[in-house]
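So you know, we letter chains A, B, ... as the sequences are listed, proteins then strands, and number each from 1. In what follows, every heavy atom counts, from backbone to side chain, and hydrogens, waters and symmetry copies are set aside.
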Protein chains: 2
Amino acid sequence: MGSAIADVAARAGVSKATASRALSGKGYVAEVTRQRVVQAAKEIGFVASPNAASLVTGHTKNIGVVIPFINRWFFGEILEGVEEALLNRGYDMTLYNIHPGSADRDRVFDFFLARKRFDGVIVIGVEPTPEETARLLRLDIPLVSVGAPVADVRSLTIDDEVAGRLATEHLIGLGHRRILHMGGTVTGEGDTSVHGRRMRGYVSAMTQAGLEREMSFAQTEMSVPGGYDAGAHELSNSSSRPTAVFAACDEIAIGVIIAARRLGLAVPGDLSLVGIDGHEYAEMFSLTTIEQQPRAQGQSAVTDLLAAVSGESLAADVVDVPARLVVRASTTFAQLSADAV
Amino acid sequence: MGSAIADVAARAGVSKATASRALSGKGYVAEVTRQRVVQAAKEIGFVASPNAASLVTGHTKNIGVVIPFINRWFFGEILEGVEEALLNRGYDMTLYNIHPGSADRDRVFDFFLARKRFDGVIVIGVEPTPEETARLLRLDIPLVSVGAPVADVRSLTIDDEVAGRLATEHLIGLGHRRILHMGGTVTGEGDTSVHGRRMRGYVSAMTQAGLEREMSFAQTEMSVPGGYDAGAHELSNSSSRPTAVFAACDEIAIGVIIAARRLGLAVPGDLSLVGIDGHEYAEMFSLTTIEQQPRAQGQSAVTDLLAAVSGESLAADVVDVPARLVVRASTTFAQLSADAV
DNA sequence: CTGAAAGCGCTAACAG
DNA sequence: CTGTTAGCGCTTTCAG
């Protein structure tokens, strides 16, 4: 418990410095000495205090992660990937959950992240303001963004506009014309937000196909209940009902499916549906999905971040993983998948 | 960036000691002096390094959290509650995701948690072995368990046996006799595991109602796909089909619903269903649920933990929140709720 | 009320 | 290869 490296040194009959070298593996130590030190450490259950170490080395072996939701599938998936990658490399993950519009946001950026406690920061699905970005960069530690492109910051994202276009073109290719788009807010940060970009893809695909007049949009919270509410509303009128829906994320899509079934509509059949983001729920409900492989992304983000921590240069400032259209063959839910769109 | 408290002190024309007192609010400082220091700190954007501080105070303002899953609704819900409560009190949350059966488990308990980095540890839905518990207690920092009772450790749980009994009695009260129980493993740690206790409640309720011969059990992974698979199997034969299912957790219950609808069964109607654990998904799918208010629980855990950190005594060693039978009136999904079991 | 000095536990030169 | 000496940035006696 209260054991310090001095205790280990005393017990092994060496100096603190030698004990430190033996335990950390840095610097020359005779093999016999090393073993004696290691043995002594084990005997008294010594584990080095990273706080004391970081005070002198400047490295904390701790990464700060900022995320808007923990309990939403997409974010949870990334989080699990990030945590695993970090743990494998001996890093701690300190998590900050900033709900959109929360007052905590300032405290996290101005106080919690500013305290030299982290070797790096990962922001997931959060677009820091220019001021926030500047503040973080001033800390002089690597900063990585996942899921949202941030100016001056190494970002790992899909090309949301391409994804939106592909999704829409897929539905157009199936012969649909009345294609409703459901997603976040229309107004506001429409140009730079994730949803804004996806919507641009929708608009461009519809326009290119000469379907400007068929475009319609329903604003929705990016969640299952959001999709349900909007779906229940948009699909209730059988004459004005769209034949296809492009949902800005899978959680919306799942909500729409529930609403559609509630109304006695077959999906697919009476309604075709495409969502962006997921794959597991998508499998479960046999959606056709545009996948961005969130887990792999999370891991890449970590890999890159750690590369940055150790001083390696980064090849590019922004990586755009092209969205890919993937129709998943489910195993567990094979019978559900048979009737995929 | 590289600003230390010495810089603040110099700028304010005081000593480091005074600057420290002014900034931390501990010890006597003339109001004028204090303001001057605060002002100087703000000007150069000084934020104290908690690592350096903890070296001398012994407090890290950091809590370690161990959890088996991040991306499952129940755990995500608790995690959000814990994070929020911690953040509000100025604490960091460092998260370790230990999948059941993972080799990481030892590393986390023996190394990561052993490094004097935390003021306290919260284990959620994990039952530490006696050795692990002993190791943690030897750290001399508060330890709290959420969701699983741990010997010698302050634990916040529901009474799983009572919950299982209530759930079963509820179904019996509706007139059901063929009540299937779906949950984790039958064998193994049947007595001490969460599921083992819930099953005991089922058995006791069935026995008391003279329904021993009607008891049946299906083993299932505690997840939506697990519930789906088992449901698809158990419900396929229309002659041997149960009229009610008691699912050990809501995620299983959701899987069963999907399977049931797939088979053309109405839920409720052809099948009654009760799950334990959730409320939001339950609302969504109009389940009758036995609720344990996970978020409130998480917050209590934190409150208690922090009380322990600051030296206050704890009233009891184990708190059993009695399970309550709650039929939730959904607002968003009012129309779905109308036909609740 | 304020400053000087000591030291938390560790690692990094630098001599030996 | 090993020990000695300095701190990392902060808080805390203890005198003034």
Side-chain angles (χ1 to χ4, degrees), chain A residues 1-38 40-41 44-62 90 111 114-119 139-141, chain B residues 1-38 40-41 44-62 90 111 114-119 139-141:
Chain A
M1 337 174 319
S3 65
I5 200 172
D7 302 332
V8 177
R11 189 168 243 266
V14 296
S15 70
K16 286 199 304 174
T18 303
S20 172
R21 281 189 288 255
L23 261 16
S24 68
K26 290 167 182 278
Y28 297 108
V29 178
E31 179 56 21
V32 234
T33 317
R34 199 188 63 75
Q35 295 198 347
R36 199 147 34 90
V37 172
V38 168
I44 62 177
F46 170 78
V47 182
S49 156
N51 286 2
S54 63
L55 204 54
V56 34
T57 63
H59 298 130
T60 60
K61 284 275 180 182
N62 193 357
F111 175 67
R115 298 173 304 161
K116 307 158 187 58
R117 199 166 223 181
F118 304 117
D119 286 347
L139 295 176
D140 253 347
I141 57 178
Chain B
M1 338 177 314
S3 66
I5 201 172
D7 303 331
V8 177
R11 190 168 243 267
V14 297
S15 71
K16 285 198 303 173
T18 303
S20 172
R21 283 189 286 255
L23 261 14
S24 69
K26 289 166 182 277
Y28 296 109
V29 177
E31 179 56 21
V32 235
T33 317
R34 200 190 60 77
Q35 296 199 347
R36 200 146 34 89
V37 173
V38 168
I44 61 176
F46 170 79
V47 183
S49 157
N51 286 0
S54 63
L55 203 54
V56 32
T57 62
H59 297 131
T60 60
K61 285 279 181 178
N62 194 357
F111 175 67
R115 298 172 305 162
K116 306 156 187 61
R117 198 166 224 179
F118 304 116
D119 286 348
L139 295 176
D140 253 348
I141 56 176

Spacing of A/Asn51 atom CG relative to C/dT11 atom P, expressed in whole Å:
12 Å

Rounded to whole angstrom units, what separation is found between the NZ atom of A/Lys26 and the C1' atom of C/dC14?
18 Å

Check this one for me: any side-chain N or O of B/Ser49 less than 4.0 Å away from OP1 or OP2 of D/dC10?
no

Note every stem involving DNA chain D: at least three consecutive Watson-Crick or G-U wobble pairs, i with j then i+1 with j-1, with both distances under 3.5 Å.
C:1-11 with D:6-16, C:13-16 with D:1-4

B/Tyr28 OH to C/dG3 P, straight-line distance once rounded to whole Å:
17 Å

Whole-Å distance separating the CZ atom of B/Arg115 from the P atom of C/dC8:
22 Å

Taking the minimum atom-to-atom distance to the side chain of B/Val29, which one of D/dT12, C/dT2, D/dC10 wins?
C/dT2

A/Lys116 side-chain N/O to A/Gly58 backbone N/O, donor-acceptor pair under 3.5 Å:
no

The residue, A/Val56 or B/Ser20, whose nearest nucleotide of DNA chain D is more 5′ is A/Val56

Testing C/dG9, D/dT2, D/dG9 for proximity to the side chain of A/Thr33, the answer is D/dT2

Taking atom P of D/dC10 as reference, at what distance in whole Å does atom CZ of A/Arg117 sit?
13 Å

Would B/Arg36 and B/Thr33 count as a side-chain contact (heavy atoms from CB on, under 4.5 Å) if you check the C-alpha gap in whole Å, the side-chain angles of each, and the deciding distance to 0.1 Å?
CA-CA 5 Å; B/Arg36 200 146 34 89; B/Thr33 317; 4.1 Å; yes

I'd like to know if the side chain of A/Asn51 reaches the main chain of B/Asn51, judged simply by a donor and an acceptor atom lying under 3.5 Å from each other, with no hydrogens or angles considered.
no

Look only at the side chain of A/Thr60 and the backbone of A/Arg117, and say whether a donor-acceptor pair between them is shorter than 3.5 Å.
yes

B/Val32 side chain near B/Gln35 side chain, heavy-atom distance below 4.5 Å
no

What is the distance from CZ of A/Arg21 to C1' of C/dC10, rounded to the nearest Å?
13 Å

How long is the span from the CG atom in B/Asp119 to the CG atom in B/Leu139, to the nearest 0.5 Å?
12.0 Å

Rounded interatomic separation in angstrom, taking CG from B/Leu55 and P from D/dC8
13 Å

Rounded to whole Å, the CZ-C1' distance (A/Phe46 to C/dG9) equals 8 Å

Classify the nucleic acid contact of B/Ala53 as base, sugar-phosphate or nothing, counting any heavy atom under 4.0 Å across all strands shown.
sugar-phosphate

D/dG3, OP1 or OP2 - any side-chain N/O from A/Ser15 closer than 4.0 Å?
yes

Quick check against the 3.5 Å criterion: does A/Asn62 have a side-chain atom that pairs as donor or acceptor with the backbone of A/Phe118?
no

Please work out if A/Ala30 contacts a base, only the sugar-phosphate, or nothing of the nucleic acid, heavy-atom cut-off 4.0 Å.
sugar-phosphate

Under 4.0 Å, heavy atoms only, any strand: does A/Ser54 hit a base, just the sugar-phosphate, or nothing?
nothing

